[in-house]
Amino acid sequence: MNTNNEGWIKTTCAYCGVGCGVEARPMSSGKLEVRGDQEHPSNFGKLCTKGIALGDTVIHDGRLLHPTFRENRQGEQTKSLAWDDAVELVADKFNQAINEYGPDSVAFYVSGQLLTEDYYVANKLMKGFIGSSNIDSNSRLCMASSVVGHKRAFGTDTVPVSYQDIEQTDVVVIVGSNLAWCHPVLFQRLRQAKQANPAMKVVVIDPRETETCSIADLHLGVKSGSDVALFNGLLSYLDENGHVDHTFVSQHTQGFDKALKQSTLESNAEIETGVDNQDLIDFYQTFAGANKVVTIYSQGVNQSSQGCDKVNSIINCHLATGQIGNVGSGPFSVTGQPNAMGGREVGALANTLAAHMEFDDPTQHQMISDFWQTDSLAKKAGLKAIDMFDAMKEGKIKAVWIMGTNPMVSLPDSDKIKAALETCPFVVVSDCIEDTETTRMADLLLPAQGWSEKSGTVTNSERRISRQRRLLPSPGSAKPDWWIVSEVAKNMGFEDSFSYRHEGEVFSEYAQLTALGHEEKPRDLNLIGLTQLDDLGYSRLTPQQWPVLELQSELVHRSLFSDYRFYTTSGKAQFIAVQHAKPLGETDKSYPLVLNSGRTRDHWHTMSRTGLSARLASHASEPYVQIHPITAQTYDILDGQLVEVTSQIGKVIARATTTKEVSEDQLFMPIHWNAVTAKQSKPCELILPISDGLSGQPEFKHTPVNISPLSMSSSAVLLSRVILNCDLFEYWSRQKIEDGYLYRIESSLGQKELIKPVQTSVERLSGEVMETTGANFYRAVNLFDHRCQQIVWVGEKIDESHVAQLIEQFSQTYDEKTKFDAMRISSEQNAA
């Protein structure tokens, strides 16, 4: 284990694709003391708010502790199983489906939260031994369009840029990314680089004016979905004004004339993008006049019905100017999850084979078959995420295994996903959390290790492999994902190929696979320098940036394509002719506004981890929707009021936040809240199942919607040591506070009528209950052993300053005098 004499253990953050190094030290309380790793090349000691709060989230609230079989999916009858019985059940159900309906009747849906070793074993079992390619990852929702764009341009899924390039460039273009909130440490590095080099220019291209714009020299507030028009306009400008590097284009690329012809056919970029012509010219001149340009792009580009073409429109401009392969230059796709890159490496997407080898290459197919010693290797691509759940709904998938992800919350058209899982005869879910919307749909729950218990590797956005190390013991009988998959594989009859003793053996096998076949057909991914690691070497492994031709004992920052050789058949990069198209979901009179979705600063995915931290919850305490003040006035919506947002397929409730960060025709809503943490506040209830035809990546940034205010008559605040069931209310949201949970409730009932259902929803704990009723409030406090077990407050409207007082009172210790004083003061405050 990589640790120092003070007990600090080096590991990697569990959140975004920046891949920050973390040092953690267990405390006697069971929590972790956390700090940034100053030696890690991703962050050099910096951490964002989420990383700093990692120690808050290792509590055991809501953990899944034992394999659990559910007699029915309502959870009314459950029983714990021994691990032997659980893995045997999974194996039997999968074998039964395969024997009766064929290998394509089963599927895995996996996650960028898995470690590379987990990913590798799952992909090996499904593609190599079950013989189907029906394994896809929630990374499909994050960077699948970039994978297609890279393959079309470079021949492989190659990210050519390193973080250091951002600090050594002249111009940084940020497209479709609120880098300040979604990749905060990378944003901090960029901000410091700009401070050190005031001549550096930063251009932000985003329909919203986000925190990232705080360092921008120019912000282009483009119309949603107009990126191709913008970059095709740039390509035409580069040609018309003599900024194309014709030597590079002629010697190292193909397809320029066709791509240029298509770009010149575009309508006026000013009309298509909605950007002022002078701002367009300023951007084009900034890009054209720079010796070095890095373009950072993320979900605003990828999560689109035209995502692949957006990616290639960006790459085309870099190829036209030779802005690739050199220090400080290149297109840079930053991934959303900590190991989205690792999943791409091992092949845990339905349309790739393994280790950047492909189905359509017979030599590579045979190479993998021989390496895995299998005659069952899948010969064709499988079902991508949306297609997988469509097939499930049609009854074609008889057994599905969902690992470390929550598709009931994260996939578009939640009702369809629910129907698909209800149709599937056998659903098994591996997770560390017991209650998610997806675990509620499962027949069998398998307890997986959480971040602080896992051991393995992850790969960040700049191709850097880092170790995640075990910090704490696993609660209950939680196991590593790679171990769970291997035990199922053994029970399916593949024991000889899955007899790993520890995760280091899995990594060693994976590294060997990446090293195969480079003599016949070179690839970008090669870990031959890590194939000789022994157990101690793996335990002590320091960050390594691939390709790793020999073990890196010193810090490496390698930008790829410095020799201008690409992995295409010709060895030349390919221009891709792309044409701007309007987003598939168009607004109309019924749905006149465009909904954009994304992340908040301090929450992550479906909040199963960040939702356990009181300090993270305080940043955004309940679901909200951003709306422009003029739009709010048009729709008679007040700031802070509950609203209903509707689309063609569903509706959600959230609190309106008026801001000029969004345009008048746009709304923005964060993705994190769901049925476990709020009532009817999940954006994917609204989002249409529209996706890119090539990548299968859904359109999360452009959903036509309408909005209307909700009129509520009363409110309540509940504070409790235990989780409560508040589903009988029209609206509720849950927030983590120290040693408990806070619920905000709003109702159309009158204030007095709300008191009884509030009392019903509170699970009375042992203790003394004191009630106070005033003209405009009701209050009850449950005290036991000098501490509040629960506080109930009912009134006309929630006042956040009053909520802060309730939280403070909830955390106090009470003797008889303070108990009396607290009740008296609170009563006077409420009466006032």
Side-chain angles (χ1 to χ4, degrees), residues 17 19 116 139 142-166 248 252-255 293-298 301-302 307-308 310-319 322-335 339-349 351-358 360-361 364 459-465 513-518 521-528 544-549 556-576 694-695:
T116 300
S139 296
C142 151
M143 31 42 62
S145 296
S146 283
V147 173
V148 173
H150 292 158
K151 286 183 177 181
R152 292 199 297 188
F154 308 141
T156 53
D157 176 23
T158 307
V159 177
V161 174
S162 296
Y163 295 158
Q164 196 174 51
D165 290 308
I166 296 172
F248 177 86
H252 305 296
T253 74
Q254 293 175 323
V293 179
V294 172
T295 302
I296 300 171
Y297 64 93
S298 192
V301 169
N302 294 325
C308 301
K310 289 181 180 181
V311 170
N312 284 113
S313 71
I314 293 169
I315 294 174
N316 285 347
C317 295
H318 278 268
L319 294 178
Q323 295 278 9
I324 192 168
N326 304 316
V327 173
S329 299
F332 191 11
S333 162
V334 290
T335 54
N339 202 29
M341 181 75 77
R344 291 151 74 174
E345 292 167 8
V346 304
L349 289 171
N351 55 311
T352 60
L353 194 49
H356 285 198
M357 290 186 272
E358 305 295 338
D360 58 4
D361 189 313
Q364 291 181 344
T459 308
N460 72 0
S461 294
E462 63 165 356
R463 313 183 316 277
R464 196 172 302 280
I465 299 168
L513 180 60
T514 70
L516 298 180
H518 289 273
K521 187 177 182 180
R523 304 189 308 282
D524 54 348
L525 176 61
N526 188 348
L527 305 183
I528 193 170
Q544 308 279 308
Q545 188 183 43
W546 65 258
V548 186
L549 304 184
V556 171
H557 295 283
R558 179 182 290 119
S559 298
L560 297 184
F561 304 136
S562 59
D563 58 357
Y564 304 145
R565 293 287 299 171
F566 299 88
Y567 297 99
T568 57
T569 302
S570 65
K572 296 183 177 183
Q574 302 296 303
F575 282 89
I576 305 298
L694 293 174
S695 69

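Below, all heavy atoms of this structure are taken into account, side chains as well, without hydrogens, waters or symmetry copies.
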Hey, could you give me the [atom1]/[atom2] distance between [X] and [Y], rounded to the nearest 0.5 Å?
| X | Y | atom1 | atom2 | result |
| --- | --- | --- | --- | --- |
| Thr253 | Tyr564 | OG1 | OH | 12.5 Å |
| Leu513 | His356 | CG | NE2 | 11.5 Å |
| Ser145 | His150 | OG | NE2 | 10.5 Å |
| Ser162 | Arg463 | OG | CZ | 5.0 Å |
| Glu358 | Thr352 | CD | OG1 | 6.5 Å |
| Met341 | Met143 | CE | CE | 8.0 Å |

Please report the C-alpha distance between Glu345 and Thr116 in whole Å, then the side-chain angles of each, then the deciding distance to 0.1 Å, and finally whether the side chain to side chain donor-acceptor pair (under 3.5 Å) criterion is met. CA-CA 8 Å; Glu345 292 167 8; Thr116 300; 4.7 Å; no
Are the side chain of [X] and the backbone of [Y] linked by a donor-acceptor contact shorter than 3.5 Å?
| X | Y | value |
| --- | --- | --- |
| Ser461 | Gly17 | yes |
| Gln323 | Val293 | yes |
| Asp157 | Lys151 | no |
| Asn339 | Gly342 | yes |

Please give me the minimum heavy-atom distance between [X] and [Y], naming the atom from each residue.
| X | Y | result |
| --- | --- | --- |
| Ala573 | Leu319 | CB-CD2, 3.7 Å |
| Pro547 | Leu560 | CD-CD2, 3.7 Å |
| Phe575 | Asn316 | CE2-O, 3.2 Å |
| Thr335 | Ala340 | CB-CB, 4.0 Å |
| Leu516 | Arg523 | O-NH1, 2.7 Å |
| Ala153 | Ile315 | CB-CG2, 3.8 Å |

Worked check of side-chain contact (heavy atoms from CB on, under 4.5 Å) between Trp546 and Thr459: CA-CA 9 Å; Trp546 65 258; Thr459 308; 3.8 Å; yes
Can you check whether [X] reaches [Y] side chain to side chain, under 4.5 Å on heavy atoms?
| X | Y | value |
| --- | --- | --- |
| Ile528 | Leu549 | yes |
| Val301 | Ser146 | no |
| Pro331 | Ile324 | yes |
| Phe332 | Ile166 | yes |
| Thr158 | Phe561 | yes |

Can you say whether the rings of Phe248 and Phe566 are parallel (under 30°), tilted (30 to 60°) or perpendicular (over 60°)?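 The arrangement is perpendicular - the two ring planes meet at more than 60°.
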Would Arg152 and Leu694 count as a side-chain contact (heavy atoms from CB on, under 4.5 Å) here? Give the steps. CA-CA 11 Å; Arg152 292 199 297 188; Leu694 293 174; 3.4 Å; yes
Could you walk me through whether Asn526 and Val548 pass the side-chain contact (heavy atoms from CB on, under 4.5 Å) test, one step at a time? CA-CA 6 Å; Asn526 188 348; Val548 186; over 6 Å; no
Pair Leu353, Asp361 - check side-chain contact (heavy atoms from CB on, under 4.5 Å), show working. CA-CA 10 Å; Leu353 194 49; Asp361 189 313; over 6 Å; no
Residue pairs passing the salt bridge (charged side-chain N to carboxylate O under 4.0 Å, His left out) test where at least one lies in residues 557-573, sequence neighbours excluded: none
